[in-house]
Amino acid sequence: MAASISAPGLCSSFRGSWGTSFAGEDRVMLARSVPRGVRVGKPTRANPVMKNVNEGKGLFAPLVVITRNIVGKKRFNQLRGKAIALHSQVITEFCKAIGADGKQRQGLIRLAKKNGERLGFLA
């Protein structure tokens, strides 16, 4: 079932069926044409390495790194999480006091995070 498309002023070299796919004979023939050593399964993805890009940057970074090494990574992350939560609560209360909406509150929280990165608190 070959189809040829032609219209006044248009020419096409398409010669095939609109219904062909790799579901039938074409797929089997294609699979047999590729040598066995060349076939590749699902590609494997390398595991991402989580590394802090702010390591050693900022005014307070050395103090943060030393504290993390002394206290331990797990305990340090717990303390950091509590500090960030408290800071977010302070920002939320501030926004309530001045009548700022949720979008402005989120903007202030993002700004606080950027400032913390620049100063080295997130090292």
Side-chain angles (χ1 to χ4, degrees):
M1 173 186 211
S4 176
I5 301 174
S6 64
L10 289 174
C11 293
S12 175
S13 62
F14 176 74
R15 303 262 191 264
S17 171
W18 291 103
T20 60
S21 69
F22 285 115
E25 296 174 10
D26 294 339
R27 182 172 185 267
V28 173
M29 188 174 66
L30 180 64
R32 288 183 183 158
S33 69
V34 177
R36 284 208 180 270
V38 176
R39 290 187 196 166
V40 178
K42 197 173 189 179
T44 57
R45 181 182 286 182
N47 291 333
V49 177
M50 299 298 286
K51 184 167 175 18
N52 191 347
V53 295
N54 296 313
E55 187 78 35
K57 294 181 183 177
L59 180 65
F60 295 100
L63 180 65
V64 170
V65 172
I66 290 170
T67 304
R68 182 178 58 217
N69 292 338
I70 292 171
V71 175
K73 209 171 198 178
K74 184 177 179 182
R75 181 72 179 138
F76 179 79
N77 284 335
Q78 289 173 342
L79 292 171
R80 176 186 275 170
K82 287 179 184 177
I84 291 171
L86 285 172
H87 194 237
S88 294
Q89 288 175 357
V90 169
I91 292 171
T92 300
E93 293 301 319
F94 174 75
C95 289
K96 284 180 184 176
I98 64 169
D101 63 354
K103 190 173 183 180
Q104 291 170 325
R105 180 183 149 273
Q106 284 299 107
L108 287 174
I109 290 173
R110 281 191 196 99
L111 180 64
K113 184 178 180 207
K114 284 182 184 177
N115 287 336
E117 289 174 354
R118 286 186 191 135
L119 289 171
F121 287 119
L122 301 179

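Only this structure's heavy atoms are used, side chains among them; waters, hydrogens and symmetry mates stay out. As the structure is a prediction and not an experimental result, all values here were calculated from the model.
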So ring-ring contact (aromatic ring centres under 6.0 Å, His included) across residues 99-123, not counting sequence neighbours, yields F60-F121
So the ring-ring contact (aromatic ring centres under 6.0 Å, His included) pairs with at least one residue in residues 61-84 (sequence neighbours excluded) are none
Joining Ile, Leu, Val, Met, Phe, Trp and Tyr whenever any side-chain heavy atoms lie under 4.5 Å apart, the cluster holding L111 also takes in none
Cluster membership besides I66, Ile/Leu/Val/Met/Phe/Trp/Tyr side chains within less than 4.5 angstrom, sorted by chain and number, is I70
The complete set of salt bridge (Lys or Arg N to Asp or Glu O under 4.0 Å) pairs with one or both residues in residues 81-91, sequence neighbours excluded, reads none
Heavy-atom nearest pair, A123 first then V64, reads O-CG1, 3.6 Å
Heavy atoms of L122 and E117 approach each other most closely as CD1-CG, 3.3 Å
d(L108 CG, H87 NE2) to nearest 0.5 Å is 9.5 Å
Residues 88-103, side-chain donor-acceptor partners within the protein, below 3.5 Å, at least two apart:
unit_1	atom_1	unit_2	atom_2	d
S88	OG	I84	O	3.1
T92	OG1	S88	O	2.9
T92	OG1	R105	NE	2.9
D101	OD1	Q104	N	3.1

In K113, Q106, K114, the residue satisfying side chain to side chain contact (heavy atoms under 4.5 Å, CB included) with R110 is Q106
With sequence neighbours left out, the residues meeting side chain to side chain contact (heavy atoms under 4.5 Å, CB included) with K74 are Q78
